[in-house]
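I have placed the structure first, in the form of structure tokens, so that the comments after it can refer back to it.
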Number of protein chains: 2
Amino acid sequence: MAKKSKTAITPTREQDYPAWYQEVIKASDMAENSPVRGCMVIKPWGYAIWENIMHQMDAMFKQTGVKNAYFPLFIPLSYLEKEAEHVEGFAKECAVVTHHKLESDGEGGLKPAGKLTEPLIVRPTSETIIGESMARWTTSYRDLPILLNQWANVVRWEMRTRMFLRTSEFLWQEGHTAHATESEAKERTMLMLDIYTKFVEDSLAMPVIRGRKTVSERFPGADDTTCIEAMMQDKRALQAGTSHFLGQNFAKGSDIKFQNEEGTETFAWTTSWGVSTRMIGGMIMVHSDDDGLVLPPRIAPAHVVILPIFKKDEDRRTIMESAQGLKDALEEKQFHGRKIIVEIDDRDIGGARGWGWVKKGIPVRIELGPRDIEQNSVFMARRDNPSNQKQSIDREEFIDQITDILDNIQDSLFNRAVIRRKENTFEIDDKKEFYKLYQKSKGFNNGAFIMSHWCGSEKCEEKIKKDLSVTIRCIPFDSPTEEGRCICCDNPSSRRVLFAKAY
Amino acid sequence: MAKKSKTAITPTREQDYPAWYQEVIKASDMAENSPVRGCMVIKPWGYAIWENIMHQMDAMFKQTGVKNAYFPLFIPLSYLEKEAEHVEGFAKECAVVTHHKLESDGEGGLKPAGKLTEPLIVRPTSETIIGESMARWTTSYRDLPILLNQWANVVRWEMRTRMFLRTSEFLWQEGHTAHATESEAKERTMLMLDIYTKFVEDSLAMPVIRGRKTVSERFPGADDTTCIEAMMQDKRALQAGTSHFLGQNFAKGSDIKFQNEEGTETFAWTTSWGVSTRMIGGMIMVHSDDDGLVLPPRIAPAHVVILPIFKKDEDRRTIMESAQGLKDALEEKQFHGRKIIVEIDDRDIGGARGWGWVKKGIPVRIELGPRDIEQNSVFMARRDNPSNQKQSIDREEFIDQITDILDNIQDSLFNRAVIRRKENTFEIDDKKEFYKLYQKSKGFNNGAFIMSHWCGSEKCEEKIKKDLSVTIRCIPFDSPTEEGRCICCDNPSSRRVLFAKAY
């Protein structure tokens, strides 16, 4: 017999962070690995989070004039051949459709038949196919800007997969815009990064560092890749979203041309930007604890669960009525544009019931027994409280304060993540110290966010990556100009950059 | 030079119905064919309609306890091999992924590489892959019912494609449920058909006939396929949605077993049900006219367009302010759970501006010039009015009545379609008459809905299909029991069934 653990999740974060992560997902019933290589099944509790993400971000996109559209799943091979740099960075590992039917193999099985004259690639991203459409739609500067987004599935053949973080098929949104001027395209790039920042910080309660990627870490074919980077509990970084200024590169590849106001034919300036189900992986790793998932209320599929306690069978009706009354009162309220959602769980399964909801990360649990009803109170536990303390609270007061309680949980999760990041971010100017820190880092204590000087050479960047598996996550926008020496080669440098191990 | 047409769309419905259909889509800017074989690009005006469909149906599904989830795009070949009947009917024409990377072909191009040990099929529908999950999730009757839906893309390799109606890739929802009892699964099958009926009639303003398919027209592997059938303006039928009772067939194929309350291991009973972007094709063909798209207000991306009329440049500011005020006043109102959406189009492009909105099918157009502002009135045209008459109406009255006006347009479109169907539905008992009607039918006048007796034999069904390209669309639920003789073989029959040519 295995020893009974004191935590709901085994192993704990400290014991084995990657295994803990998988276990949190399993115990919360969010998703599972499918028998299809590298693909996962997103179960209702996980998909509802993605629906909330889609719903909230979509409204933010639309407020800036972006419209949704839908482009084909398949990209002709010849389109990728036109974008050499892009393919080199991206499309080498992809799903290739070569046949369009099945026929009997003569042994009771099936085999591919109907070979295509040109293979089709399952989109790893849609720049090339959307570029082709934009080229057809753009004649004059009056046709610009084109501001499009699509919510879609994409496929990148991954060798090592991890649910939400890296799967061969994943869900995302990809925005694609075309503009008449360079400055307008650059503004759009930043505007979308601002939206990502606001959403990730406000709704997912994940503080992020904003900056631009180094040349070697850019999206293949981009002139500039901006990003937001979050710190996980194991001190690794996770890139939570990227917004690319593509210059005229894709416009030239796809022939997106227009007549400007002066009548001169010129190439458009394009951008692309995306976030994916990967964000959910980040959210899990930032907030969850050794008892399982912890959900920020703004993104939780449900906010409150009511657990009726039946001491005697004859109490059942009274208690269920009281529970339903509480649910109805709470569901009349709004929390950040959504109705408050309340579950009643009256299953008779003992302690597994309450622990089930702890592991699912629901923000507030309410126990409601005969005595609570007598006293017109409820017994409340907040999921952001790691010791799982419960408190008795007046029923009407609870109903009145529910939005404040949820806001307070949201804030406490965000603040906790900010503090954790602050405690694990250092400026280092000594190479030995830098190397020592990362060399001894592993498991749950996987280093830190290090702000160090870098001379700007790819050689130094590459050396640190090779020696320590540490990359420059970004050149933070708010990193001030200051004199210093490169952490690797000791040459002069004018700015610190953000180093970390990364997912 | 081509002769100037009196209609905004050339050709008209009477002249060439299929070409008219393509032209309506093009002129409304809903979608276009993509360079990828059989796939279309859904442009913002078309995709916004799909978003409205998703939003409204999704809420209806969820009210019945259905939850959304997401399953892999790819299905291993071996899964399909287990479902012989299903594959025979479905999966023969499908996209087959055989490789997982690209490499240089040595001539500057790319070629597929990394052959998969087992080919993967791009899902044509997800019964087999979802069945695999359900089998893992189901142990006891307590695990049932499982009520799932997914919004997804699917691929069926079609030889002849037509935008929205038949494309190789299309968007749809597919619901999949598993139940402990046969009766519960049958109830669910009908419940979902009820939802489809309500949505299609109330929101798309398309009257439908509800019934069940004959054995030969069933979904491959189903015990019963129920459907809704709508009449297009050319008198052909379009299947707008199907709900299948799958019996225990897929449960046996996928091994979805559970212990029932008596402790006996038994197979679950499953259902599946789906509607797709095809509905949009139906909506176009039911309501649109020779001036282009006509949109039912409940599904329209925008309800009202305001067209400011500037007689003099100095009017511009006053008129734009007045237009904005009107927009703001209208957008404070709700129409069937959505905010009323108003566009202001101040482009200086002459008559093309108004006609552009006619062709886009926006329900209400408002012209607003200096005289209207003086008189505190607006000049209104309703898109359901085929003669495009405009009327002057008091501004406040218009604001007060906007939801009534939209409701009235919605009703008029529905009623018009009901009348058209009534006028083109006949009971025929004479075989010669039946044959004559369909033999002379073509183009815009493609026959009728014929209610005739049928003996129930596949032979007669097949003969009529072969002779006339006419199929039994369904055995309507409301077709009364009555004595008669089969329209084909003259054998006794107890019920009339619905014959038609179909899309």
Side-chain angles (χ1 to χ4, degrees), chain A residues 32 34-37 39-44 46-48 50-51 67-81 87 91-103 108-114 116 119-122 129 132-133 136 148 150 152-153 155 157 168-169 171, chain B residues 32 34-37 39-44 46-48 50-51 67-81 87 91-103 108-114 116 119-122 129 132-133 136 148 150 152-153 155 157 168-169 171:
Chain A
E32 62 187 28
S34 87
V36 185
R37 214 203 130 285
C39 296
M40 65 175 173
V41 173
I42 308 179
K43 300 177 79 172
Y47 196 79
W50 182 239
E51 289 185 293
K67 296 196 184 268
N68 286 335
Y70 189 77
F71 291 84
L73 173 67
F74 299 128
I75 299 177
L77 183 60
S78 56
Y79 282 44
L80 293 176
E81 286 172 338
V87 171
K92 279 193 303 192
E93 298 293 336
C94 55
V96 188
V97 177
T98 56
H99 293 74
H100 69 81
K101 64 162 87 173
L102 295 174
E103 63 180 30
L110 295 166
K111 64 175 186 187
L116 298 174
L120 296 172
I121 311 308
V122 179
I129 187 96
E132 191 276 340
S133 287
R136 273 185 290 113
L148 296 176
Q150 84 176 354
N153 54 345
V155 173
W157 210 263
S168 289
E169 181 193 13
L171 303 180
Chain B
E32 62 186 28
S34 85
V36 184
R37 215 202 130 285
C39 297
M40 66 175 173
V41 173
I42 308 179
K43 299 177 80 172
Y47 196 80
W50 183 239
E51 288 185 295
K67 296 194 186 269
N68 287 334
Y70 189 78
F71 291 84
L73 172 68
F74 299 128
I75 300 177
L77 183 60
S78 55
Y79 282 42
L80 292 176
E81 286 172 339
V87 171
K92 279 192 303 192
E93 299 292 337
C94 56
V96 188
V97 177
T98 55
H99 293 75
H100 69 81
K101 65 163 88 173
L102 295 174
E103 63 181 29
L110 295 166
K111 64 174 186 188
L116 299 174
L120 297 171
I121 312 306
V122 179
I129 187 96
E132 191 275 341
S133 287
R136 274 185 289 114
L148 297 177
Q150 84 176 353
N153 52 345
V155 173
W157 210 262
S168 289
E169 180 193 14
L171 303 181

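Lettering follows sequence order; numbering is per chain, from 1. Note that the structure is predicted; figures quoted are calculated from it, not measured.
Applying the side-chain contact (heavy atoms from CB on, under 4.5 Å) criterion to Pro112(B), with sequence neighbours excluded, gives Val96(A), Thr98(A), Pro119(A), His99(B). Under the side-chain hydrogen bond (donor to acceptor under 3.5 Å, both in side chains) criterion, Glu132(A) pairs with Arg136(A), sequence neighbours left out.
Residue Ala95(B) touches chain A through both its backbone and its side chain, counting heavy-atom pairs closer than 4.5 Å. Contact annotation for Glu103(B): neither backbone nor side-chain heavy atoms come within less than 4.5 Å of a heavy atom of chain A. Neither the backbone nor the side chain of Gln150(A) has a heavy atom closer than 4.5 Å to any heavy atom of chain B.
Contact count versus chain A (heavy atoms, under 4.5 Å) is highest, among Leu120(B), Ile75(B), Leu148(B), Leu171(B), for Leu171(B). Of the listed residues (Met40(A), Lys111(A), Glu51(A), Arg37(A)), the greatest number of heavy-atom pairs within a distance under 4.5 Å of chain B belongs to Glu51(A). When each of His100(B), Glu81(B), Lys67(B) is scored by its heavy-atom pairs under 4.5 Å with chain A, the top score falls to His100(B). Per-residue counts of heavy-atom pairs under 4.5 Å with chain B were compared for Cys39(A), Ser34(A), Pro72(A), Gly108(A); the largest is that of Pro72(A).
Atoms OG and CD1, from Ser78(A) and Ile121(A) in turn, are 9.5 Å apart once rounded to the nearest 0.5 Å.
Ring planes of Tyr70(B) and Tyr47(A): parallel class, angle under 30° (limits at 30 and 60°).
Listed here is the closest heavy atom pair of Leu116(A) and Val97(A): CD1-O, 3.6 Å.
Taking the side chain as every heavy atom from C-beta outward, Pro35(A) and Tyr79(B) approach each other to under 4.5 Å.
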